Amino acid sequence: MLQRLLAEFLKLEGLHQALVIDDRGRLVSSVGASGSLPLTQQTVELTSAALDASMQTAYGDLHEVWIEGQSQTLVDVLTPHRILMLQGDGGQLARWRHSVDQLRKQLATTPEF
């Protein structure tokens with residue numbers, strides 16, 4: 001089921017990979033182009049850096065990270081134990097985020113296998 005939910009993101013313009021990791025950095029599920037490896041380590045590093053920054057500045061909890069440039073990345077903390085990463089190029093991050101909001105409850109509660 002989680003695989004099917006992640007596959008919905010690949011229909012979005014410019015999005016090439018979607019993955020979910022747990023709070024220990026372990027891959028739960030991913031979808032992407034055939035032959036491509038999930039960007040698990042990049043997701044862990046981005047999330048860790050963002051968590052460190054939010055703790056040091058005391059601005060509150062971390063909910064998401066947007067990275068724009070030649071390639072684009074959206075990291076969303078679905079629950080304290082489940083993190084979503086969307087990666088691609090040429091897409092619109094706001095549309096990606098809207099899609100995350102539409103599927104948030106299912107992504108957060110779908111059991112892992």
Side-chain angles (χ1 to χ4, degrees):
M1 179 68 169
L2 186 55
Q3 200 80 5
R4 277 189 255 155
L5 289 171
L6 291 176
E8 287 297 311
F9 291 116
L10 295 182
K11 296 176 183 176
L12 299 172
E13 178 186 341
L15 203 141
H16 303 301
Q17 187 175 77
L19 64 90
V20 173
I21 61 170
D22 66 13
D23 57 334
R24 294 184 181 162
R26 295 179 300 190
L27 182 65
V28 175
S29 185
S30 74
V31 295
S34 178
S36 67
L37 294 174
L39 300 172
T40 308
Q41 187 61 33
Q42 179 185 3
T43 306
V44 170
E45 290 171 4
L46 286 170
T47 306
S48 294
L51 280 169
D52 288 344
S54 71
M55 286 181 183
Q56 290 175 5
T57 58
Y59 283 134
D61 297 332
L62 175 70
H63 296 283
E64 64 187 27
V65 178
W66 291 31
I67 299 172
E68 297 183 76
Q70 194 167 17
S71 66
Q72 298 174 336
T73 303
L74 170 67
V75 176
D76 191 290
V77 181
L78 297 167
T79 72
H81 306 289
R82 197 171 272 199
I83 298 163
L84 170 72
M85 192 276 293
L86 304 176
Q87 196 274 329
D89 54 34
Q92 296 179 1
L93 286 172
R95 290 185 190 269
W96 295 3
R97 179 164 186 307
H98 177 73
S99 294
V100 171
D101 285 342
Q102 299 300 308
L103 297 173
R104 183 175 303 282
K105 184 175 180 182
Q106 294 108 323
L107 289 166
T109 59
T110 304
E112 35 183 298
F113 292 100

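Residue indices begin at 1 and follow the sequence shown. The model shown is predicted, which means the values in this text are computed figures rather than measured ones. Heavy-atom basis, side chains included; hydrogens, waters and symmetry copies ignored.
R82 contributes atom CZ, which lies 12.5 Å from atom CG of D76 (distance to the nearest 0.5 angstrom). Remark: M1 CE to L107 CG distance equals 9.5 Å, nearest 0.5 Å. In this structure, Q17 CD and L6 CG are separated by 10.0 Å, a value rounded to the nearest 0.5 Å. For the atom pair OG of S30 and CG of L2, the computed distance is 9.5 Å after rounding to the nearest 0.5 Å. Atom CD of Q3 sits about 12.5 Å away from atom CD of E8, to the nearest 0.5 Å.
A side-chain donor from one of E64 and W66 sits under 3.5 Å from a side-chain acceptor of the other. For the residue pair H81 / D23, a side-chain donor-acceptor distance below 3.5 Å is found, with atom types taken as modelled.
By the 6.0 Å contact criterion, CZ on R4 is open, its count of non-hydrogen atoms from other residues, nucleotides or ligands being 12 or less.
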Please tabulate, for side-chain N and O atoms in residues 83-96, each donor-acceptor pair with protein atoms closer than 3.5 Å (sequence neighbours left out).
residue, atom, partner, partner atom, Å
D89, OD1, H16, NE2, 3.0
Q92, OE1, R95, NE, 2.6
W96, NE1, E13, O, 3.3

Show me the donor-acceptor pairs, under 3.5 Å and distance only, between side chains in residues 44-51 and residues at least two apart or in other chains.
residue, atom, partner, partner atom, Å
E45, OE2, Q41, NE2, 3.1
T47, OG1, T43, O, 2.8
S48, OG, V44, O, 2.9

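Contact record, G25 with T40: O-CG2, 3.3 Å, taken as the closest heavy-atom pair. V31 approaches A7 most closely through the heavy-atom pair CG2-N, 3.9 Å.
Counting only heavy atoms from C-beta outward, the side chains of T109 and T79 never approach each other to under 4.5 Å.
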